[in-house]
A.B. asks: 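Take a look at the following structure, please.
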Protein chains: 2
Amino acid sequence: MVNKKGTRAVNPGKRTRLPAAERRAQILAVARDLFVTQGFEQASMRRIADAAGITPTAIYDHFADKEALLTAIAADFFDGLVAAMTMPPDAATDPLGLLRQLMINYVRYGLAHPNEYRLVFMTSLSRFVPTLGHRGLPCSGVVPEEVAQKTVKAMQSFGILQTGIERLVAAGLLRGDDPEGFADSVWAMGHGIVSLIITKGDSNFTPIDRWIDTSIGILMEGMRPR
Amino acid sequence: MVNKKGTRAVNPGKRTRLPAAERRAQILAVARDLFVTQGFEQASMRRIADAAGITPTAIYDHFADKEALLTAIAADFFDGLVAAMTMPPDAATDPLGLLRQLMINYVRYGLAHPNEYRLVFMTSLSRFVPTLGHRGLPCSGVVPEEVAQKTVKAMQSFGILQTGIERLVAAGLLRGDDPEGFADSVWAMGHGIVSLIITKGDSNFTPIDRWIDTSIGILMEGMRPR
DNA sequence: CACCTAACCTAACATCGATAAGTTTACGGT
DNA sequence: ACCGTAAACTTATCGATGTTAGGTTAGGTG
């Protein structure tokens, strides 16, 4: 019960040991919970370890660092986002309603996973600091592999929106001015709502449901053929 | 040169002393620079102090904590934003054009100051963490005084947009459905564009000028009386 | 000159993410 | 049944962070 250095185990002999896969999954579950309830910064490795019933260093046997925890969670986030934006085939009968539902699902899913959303869509990772371009705009330097992969994933969900809009344009249900610009603008609107609420809270804005309704109304009306 | 405890001053006798106002301004300038070039987290109090030629604790004679530095910087940013969104009186002759110009100026100012914009509109302060509401949506808890003040400042620039829209509604140039929701949505669109470009770079999107044009077109058309 | 306060300092605390190196448990081969 | 080995987990520690308590020094006033 007492080791070579004379120190004492926290819970001698009673500690549960788990196979790697299970422990990994458990750590991930605990970390997700703490990230969501306390935020990324507040949820320290020590607190995560405590909640998992192990010591902080044990986490590093399963994940490279704290960021890897969030990255793993983000992967799940993207899968969920794509799933939330993938419509059943019978939805094609009401194409405009589909676009409407697409945006609703995007916003709701984003607000349901604020910390993952922030990581994925609102932060360039800490060691990937923006440098200023010639017009004061950030220009990407060397992009780490994982960030690049993440971008690909993001483009997948964006692609769903884009093809949806192109289909509506082809069907004559939307103006054909600038389909690409339409998709970007719809995304900007959805992203604007989500990110504003995430950073500022929802108390200072139009109630969410009405906000979504109004914004979608503007978009639909604004993109309709005249 | 050697004090009671036997320790030694870093730069004995040569340290420059400044009156509070000057030192405060200098710290602020240095902090802004470091926040902008390295990000909020990476720019530590020790590094800021080094750059200012003082010790970290001296900062606390001028600012309550690290967050107060950011708050002060944000105030300047907001002043500039309000200025950029304050229109000459003769612009009232073309109210719709004014709204258009309002959004253009917002986006351009945001893109011209990407790092301050990120600090102010895309970073929620660490101890003001969103807690989850009954539907998994973030709801604001107790809001600290300074955050509230910052919100007030933000609301000032937002107020310009809001009253502008209200005036257009009153003049019958926009629908009267939900003026508040209109203002929020216009802001969301502008913020979405700015924040997406800031985090993802401008290379993956519709060229900025066209994007702004298209989005404003959608907004105008979408809010017009039918 | 003495003194007082503004301006600044040293030393330290608690906590953070992360690493090195040690210890214990479980299990497979013999 | 034994035993070795690798997986699972630990202790101890590092350097860095924001922040505080309490001391020191310089510049101006009486």
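All of these numbers come straight from a predicted model, not from anything done at the bench. Throughout, protein chains are lettered first and strands after them, A, B, ... in sequence-line order, and every chain is numbered starting at 1.
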A.B. asks: Listed by chain and number, what are the side-chain hydrogen bond (donor to acceptor under 3.5 Å, both in side chains) partners of B/Arg210, not counting sequence neighbours?
C.D. replies: A/Asp178
A.B. asks: Partners of A/Ala51 by side chain to side chain contact (heavy atoms under 4.5 Å, CB included), sequence neighbours excluded?
C.D. replies: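 Checked A/Ala51 against side chain to side chain contact (heavy atoms under 4.5 Å, CB included); matches are A/Val30, A/Leu34.
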A.B. asks: Could you check which of C/dT19, C/dT10, C/dC8 has an atom nearest any side-chain atom of B/His62?
C.D. replies: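 Shortest atom-to-atom distance from the side chain points to C/dC8.
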A.B. asks: Can you name the side chain to side chain contact (heavy atoms under 4.5 Å, CB included) partners of B/Pro56, sequence neighbours left out?
C.D. replies: B/Arg46, B/Ala49
A.B. asks: How long is the line joining CD1 of B/Ile48 and P of D/dG18, in whole Å?
C.D. replies: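 Rounding to the nearest Å, CD1 of B/Ile48 and P of D/dG18 are 8 Å apart.
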A.B. asks: Return a table of donor-acceptor pairs under 3.5 angstrom between the side chains of residues 98-105 of chain A and protein atoms on other chains or two or more places apart.
C.D. replies:
residue  : atom : partner  : partner atom : Å
A/Gln101 : NE2  : A/Asn105 : OD1          : 2.9
A/Asn105 : ND2  : A/Ala84  : O            : 2.9

A.B. asks: Between protein and nucleotides 27-29 of chain D, what N or O pairs are separated by less than 3.5 Å?
C.D. replies:
none

A.B. asks: Touch check for A/Pro19, heavy atoms < 4.0 angstrom, all strands: base, sugar-phosphate only, or nothing?
C.D. replies: sugar-phosphate
A.B. asks: Would you check if the side chain of B/Lys200 reaches a backbone N or O of B/Ser195 as a donor-acceptor pair within less than 3.5 Å?
C.D. replies: no
A.B. asks: Among all residues two or more places apart in sequence or in another chain, which pass the side-chain hydrogen bond (donor to acceptor under 3.5 Å, both in side chains) test with B/Gln26?
C.D. replies: B/Arg23
A.B. asks: Under the rule for side-chain hydrogen bond (donor to acceptor under 3.5 Å, both in side chains), what residues qualify as partners of A/Asp76, not counting sequence neighbours?
C.D. replies: A/Arg32
A.B. asks: Rounding to an integer number of Å, can you tell me how far B/Asp61 CG sits from D/dT20 C1'?
C.D. replies: 12 Å
A.B. asks: Kindly indicate whether a cation-pi arrangement holds for A/Lys66 with A/Phe35, taking the cut-offs as under 6.0 Å to the six-membered ring centre and within 45° of the axis.
C.D. replies: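 No.
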A.B. asks: List for me each residue that meets ring-ring contact (aromatic ring centres under 6.0 Å, His included) alongside A/Phe63, sequence neighbours excluded, and say none if there are none.
C.D. replies: none
A.B. asks: What protein N or O atoms touch nucleotides 13-17 of chain C N or O atoms at under 3.5 angstrom, if any, and at what distances?
C.D. replies:
residue : atom : partner : partner atom : Å
C/dC16  : OP1  : A/Ser44 : OG           : 3.2
C/dC16  : OP1  : A/Arg47 : NH2          : 3.2
C/dG17  : OP1  : A/Lys66 : NZ           : 2.8
C/dG17  : OP2  : A/Met45 : N            : 2.8
C/dG17  : N7   : A/Arg46 : NH1          : 2.7
C/dG17  : O6   : A/Arg46 : NH2          : 3.0

A.B. asks: Any protein N or O atoms within reach of nucleotides 2-4 of chain C? Criterion: under 3.5 Å, listing atom names and distances.
C.D. replies:
none

A.B. asks: Using atom CZ of A/Arg24 as one end and atom P of D/dA7 as the other, report the distance to the nearest whole Å.
C.D. replies: 16 Å
A.B. asks: Look at the side-chain N and O atoms of B/Thr55 and state whether any lies under 4.0 Å from the OP1 or OP2 oxygen of C/dC9.
C.D. replies: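 Looking at the OP1 and OP2 atoms of C/dC9, one of them is under 4.0 Å from a side-chain N or O of B/Thr55.
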A.B. asks: Measure the distance from CD on A/Gln26 to P on D/dC9 and round it to the nearest whole Å.
C.D. replies: 9 Å
A.B. asks: For D/dT20, does the base pair up with any side-chain atom of B/Thr57 as donor and acceptor (N or O, under 3.5 Å, distance only)?
C.D. replies: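 For B/Thr57, whose side chain was compared with the base of D/dT20, there is no donor-acceptor pair (under 3.5 Å).
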A.B. asks: Using whole Å, report how far CZ of B/Phe63 lies from P of D/dG18.
C.D. replies: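 In whole Å, D/dG18 P and B/Phe63 CZ are 15 Å from each other.
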A.B. asks: List in chain and number order the residues that pass side chain to side chain contact (heavy atoms under 4.5 Å, CB included) with A/Asp213, two or more places apart in sequence or in another chain; answer none if no residue qualifies.
C.D. replies: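 Checked A/Asp213 against side chain to side chain contact (heavy atoms under 4.5 Å, CB included); zero matches.
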A.B. asks: Please give, in whole Å, the distance from C/dA7 P to B/Ile54 CD1?
C.D. replies: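 Those two atoms, CD1 and P, are 12 Å apart.
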A.B. asks: Looking at residues at least two apart in the chain, or sitting in another chain, which of them share a ring-ring contact (aromatic ring centres under 6.0 Å, His included) with A/Phe205?
C.D. replies: A/Trp211, B/Trp187
